[in-house]
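Letters A, B, ... are given to chains in the order of the sequence lines, protein chains preceding strands, and every chain is numbered from 1.
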Protein chains: 4
Amino acid sequence: MNFASDNTAPMHPRILEAIGRANEGTAMPYGNDPLAARVEKRFAELFGRECAVFLVSTGTAANALSIAAACPPWGAVYCHPEAHVDDDECGAPEFYTGGAKLVGVDGRHGKLDAASLDEALGRAGKGTVHHVQPALLSLTNATEAGTVYAPAETAALAEVAHRHGLKVHVDGARFANALAHLGCTAADATWKAGVDILSFGATKNGCMAAEAIVVFDKTLAETLAFRRKRAGHLFSKMRFLAAQMDAYLEGGLWLELARHSNAMATRLAEGLQAIPGAALAHPVEANELFVELPEKAIAATEAAGYRSYRWNGPGTRLLRLVSAWSTKPEDVEGFVKTARSALA
Amino acid sequence: MNFASDNTAPMHPRILEAIGRANEGTAMPYGNDPLAARVEKRFAELFGRECAVFLVSTGTAANALSIAAACPPWGAVYCHPEAHVDDDECGAPEFYTGGAKLVGVDGRHGKLDAASLDEALGRAGKGTVHHVQPALLSLTNATEAGTVYAPAETAALAEVAHRHGLKVHVDGARFANALAHLGCTAADATWKAGVDILSFGATKNGCMAAEAIVVFDKTLAETLAFRRKRAGHLFSKMRFLAAQMDAYLEGGLWLELARHSNAMATRLAEGLQAIPGAALAHPVEANELFVELPEKAIAATEAAGYRSYRWNGPGTRLLRLVSAWSTKPEDVEGFVKTARSALA
Amino acid sequence: MNFASDNTAPMHPRILEAIGRANEGTAMPYGNDPLAARVEKRFAELFGRECAVFLVSTGTAANALSIAAACPPWGAVYCHPEAHVDDDECGAPEFYTGGAKLVGVDGRHGKLDAASLDEALGRAGKGTVHHVQPALLSLTNATEAGTVYAPAETAALAEVAHRHGLKVHVDGARFANALAHLGCTAADATWKAGVDILSFGATKNGCMAAEAIVVFDKTLAETLAFRRKRAGHLFSKMRFLAAQMDAYLEGGLWLELARHSNAMATRLAEGLQAIPGAALAHPVEANELFVELPEKAIAATEAAGYRSYRWNGPGTRLLRLVSAWSTKPEDVEGFVKTARSALA
Amino acid sequence: MNFASDNTAPMHPRILEAIGRANEGTAMPYGNDPLAARVEKRFAELFGRECAVFLVSTGTAANALSIAAACPPWGAVYCHPEAHVDDDECGAPEFYTGGAKLVGVDGRHGKLDAASLDEALGRAGKGTVHHVQPALLSLTNATEAGTVYAPAETAALAEVAHRHGLKVHVDGARFANALAHLGCTAADATWKAGVDILSFGATKNGCMAAEAIVVFDKTLAETLAFRRKRAGHLFSKMRFLAAQMDAYLEGGLWLELARHSNAMATRLAEGLQAIPGAALAHPVEANELFVELPEKAIAATEAAGYRSYRWNGPGTRLLRLVSAWSTKPEDVEGFVKTARSALA
């Protein structure tokens, strides 16, 4: 009954089992073990091409390392004003880059607007020493608003970015949810649409603590091994990160979990929309919904023990609700019913 | 049959079980869960006093964060020239501090010499803007040489450090092995001997990936929550870090494992010392030994599949051998026998 | 005939003479000379209180060092979106702080709005590890828009800042022009209004290259000597920085020059306002004006060799015109006449 | 009568005159003025080839920027343990690089030993993520010991460095003194001997505050304009830096001054060597000498008002004496006489 965040979910049993299976005998440390090699192969298959893979344990690490690999200390990272990298990582990108600047470019429903980006880059002072230098576009997919960039949208933004000499990063903390919604291939949603480097999330969607930096533009991979070690994100017992990611990808578990999670959010949205006075702030395309509800309805769910997030602070009526791989249909039904009953 | 490093060992079954037990239902993220609170309580009991605890997943993170908390960008960290923080972390302390300097002070068997430290600090230019400012003493216990600082030795160094205005950090990646050797309380070996902040290792000694920064000088704790988050080391599903540490501490498992590991190293040392031409480089007090062996003996163990580390590079005859909680007596016997037989 | 910037002006003859006078015999380096001591005394007199003074040679250095002294790496600096520290220093504050974030709070005519600041700080997430921590308010006086904060305006903003636990910095690259406009004491405009640290500019207003960091909150002074040295901003032959500042302050030269400069801007504004189609974007209170002019008028001044700055890029009609201590009345008259004639 | 440092000297009259001449009318800022262009041309002529030139005002800035341009955050800079960049800049290289490590390689008389360098680089762990990566060799010429690398010595070290993939920097705070001693061309002593980037000092040898970063390997120049600006070292009124350097180079003034300074040091050395109990610690090749003298002799010079530097702290008898362009023969004679008389 916890809709506060998908990171409140446990890990999926198959992830735990995989960790258990990996716990046999000794293994060479720091990624020099067979499981780590297998994970690299899995990613190559998934994306239909060679790519460099760096496993880490948190999304903040994946994002900050990716950004630092693509942006010099005097660089600027263009992102949505609500992007996690700008708002929720306590300045991790600034720390890892050595002081780059994040520049917000707005757009509806959590997505950057390509024309606004083009305009912002046009007046950014490229080549002028007085200004930080545009270096990277960072998109979040699925977005902070629970929406999803279609490949064509990503491609349009990447075209602008590349034309101005920027690289393209995707924060895919919820990449599984995005792809489950899109139904396209992982390649279509990323490198074929111009993405150069991807934070491929797994923690929120059923792993314990495992993320992958997937690098398509190999010039960006050169420094990452050193950056990861120096940041303390190179696990000695790497096999346990690898085991999680291996099981997560095996047999499409990751997409299966995301499909379930998305379906729960959709069902929740449908149920809540029927409530008088309810209003969705954004289309529900992944596993998050933002919905304005009558105070009575919110209070009732809270009293019943449902956890959610009043997005604009205590007393406000815009709720963020996040479903997870482990969300049960009965939790969704219960929430809707509780909210509805309060208004009867 | 892997003596290359204790990080090649699996996790102890009780750690894995604890992870499994923690995998029930939802839990509030980022350390706001009951297990995290329980771990803090365990540390308070273990050290017999209040202390701030920050869980992270790697030893490099624990060290770099601890050092950054105690040393400004223009500070200097005094350590042994062979210290892991100086030699094996790809400059993590420099990254986390924003460019501090590590200054080596030599001493026998991996231990800093208090008189040398006093002398070095005396001519360090404290207060002079041209010089980096002495800020922190960082000891490793057990040391890189497999030796252990007794409380009195730690206290003597800490006295010098404090007298010159430095704080004292202990890299305790193998703190369990040190304490198992000493037989004293954790308090005696740390804050009672003047230690201000401790990297309390667990990964090498039976955990999957879990370390704790234990802060005794509470002025050093103020910035750590922000530093950890910003470095990407705050786990969302913190319960799984906490579960490891909880089980590790419960019922003294950690010391039990370290005692076994130390015993294996001692037995290995005894066996190898009996070989003609063998010479130990350092006293064997924890779970590492450095032993010079005839090339024939080394080659025989390598051929038999035993992994070890030629400390000074390929072709050299000083071996580092590391035992772990999972090292079996028969592995030790086998290694000794193989080495001995080669010379027969 | 250069209205592009006040940094195109030469130094005032009395500054050059002072440099010449300082060039006698040997002097102890790094500020251990009598001139440096005299400058400190002058600042104490000027501000009517003790203050720590750090001389540097550029405004960017003065700002970046001041900001770093008051804002941790995970801190946030609140400033106007057009602030020089955010827009024109290539990320110097981010570099010097080790990755802090600059947060824009808008307001009319280049001045932050106190209510907006209060609101922004209220939702900044103080104490929450996921967010950078509000640490510093940085005002520019005179502003980038050529306006001036009155003491009461500064005090209102400082009150908000202090109430939320922030320190207050003023970028006074054109502090002389601000004070010349206000006619109050230097104390009234700064520490009596809540300013904790000031970048006191002199370069633009008649010096060669000299600025002072003036610290009122002495806790902010503790690290500055080390920060300045480490940044390469501690001059060995400090007497030549001190000589400039000494002559600049002596007998009120600085205010005399600023009054002239301001007067030239005012006269220019008056002359241009009379032109049909001209429109001032902001009140003209210091030595900068922003004026929209007919293209014909602009083109005529450019053709006649007057340098100015088309603020929104080539082809746009909002001009920034900056006067300096050395601007001559005939330059002003000539510019106005040329613009007017073009429309006749 | 100040032998404490060459930075106690005034500027040469021709430098002051040049500053005065530059103080005419307005000039475009930030190096977009004719003098800055002329200085670039002078350097091209001096070194007999194209080179990128970046003017700054302090030697620490020149060194730290040069090093940062050639060494990543996870890099290592190899230098002599007594190098100014390691010992006397409060960690400026670490700050500018974002946390690189300085590694000392010893050698006699302040010069690195090529064989020791080769050996150190051989065991540095190139390519291994656990270790900082060797990136740069930094030599000081003239050295901290007052000796001078001959072109062949520089070339031998550069050969080792380049073979291991490092770039080569020379800290030429006293490059004029080195070249005056060598009598070869500036090209012979630098790029023809393998130097990739040079801190070309002028402050100590007659300027007010002016240094040039001269870049021979143009890949190292790409980031320097941004790094300089971001560090606050791009002067707005650049013409005054350029004027100093222009006059310094014109007509060989710089070498003339250095020859005088060197001659004074040599004469001082000759005079002091004749004193019973005197012993030079290093050959005197530039403008510094290190001489052990009887305490009586030292005390007498101090009592007579001569300033010098007791190199190993108060009470020690190894004096550092530095001559400058402005040192007078009578000061030298007076010092020698005073010392000698004390022993009579």
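Note on ring orientation: taking the six-membered ring where Trp is involved, the planes of A/Phe95 and B/Phe95 are parallel (angle under 30°, cut-offs 30° and 60°).
Put simply, the side chain of B/His233 never gets that close to the backbone of A/Thr58: no donor and acceptor are under 3.5 Å apart. Between the side chain of A/Arg230 and the main chain of B/Glu94, no donor-acceptor pair closer than 3.5 Å is present. A/Lys237 places no side-chain N or O within donor-acceptor distance of the main-chain N or O of B/Ala209, the cut-off being under 3.5 Å. The backbone N or O of A/Pro10 lies less than 3.5 Å from no partner atom in the side chain of B/Asn23, so there is not a single donor-acceptor pair.
Neither the backbone nor the side chain of B/Leu241 has a heavy atom closer than 4.5 Å to any heavy atom of chain A. Residue B/Ala64: no heavy atom, backbone or side chain, is found under 4.5 Å from chain A. No part of A/Leu65 comes within reach of chain B, as not one of its non-hydrogen atoms sits under 4.5 angstrom from that chain. Looking at A/Thr203, both its backbone and its side chain come within 4.5 Å of chain B, counting heavy atoms on both sides. When heavy atoms are compared at a cutoff of 4.5 Å, B/Asp88 approaches chain A solely by way of its backbone atoms N, CA, C and O.
The greatest number of non-hydrogen atom pairs below 4.5 Å with chain B, out of A/Ala231, A/Cys207, A/Ala61, is found for A/Ala231. Ranked by non-hydrogen atom pairs under 4.5 Å with chain A, the options B/Gly59, B/Gly91, B/Ala4 are led by B/Gly91. Comparing B/Cys90, B/Ala324, B/Pro29 by heavy-atom pairs within less than 4.5 Å of chain A, the highest count is held by B/Cys90. Between chain A and the residues B/Asn7, B/Asn63, B/Leu234, the most heavy-atom pairs under 4.5 angstrom are made by B/Asn7. Looking only at heavy-atom pairs under 4.5 Å with chain B, the residue among A/Met11, A/Lys204, A/Glu89 that has the most is A/Met11. Counting heavy-atom pairs closer than 4.5 Å to chain A, the top-ranked of the candidates B/Ala22, B/Gly25, B/Pro93, B/Pro13 is B/Gly25. Across A/Tyr96, A/Tyr30, A/Phe226, A/Phe235, the residue that shares the most heavy-atom pairs under 4.5 angstrom with chain B is A/Tyr96.
B/Ile19 places a side-chain heavy atom less than 4.5 Å from the side chain of A/Leu16.
Taking CZ of A/Arg228 as the start and OG1 of B/Thr60 as the end, the distance is 12.0 Å to the nearest 0.5 Å.
Note on residues 13-36 of chain A: no pairs pass salt bridge (Lys or Arg N to Asp or Glu O under 4.0 Å), not counting sequence neighbours.
Listed here is the closest heavy atom pair of B/Arg239 and A/Thr8: NH2-O, 3.0 Å.
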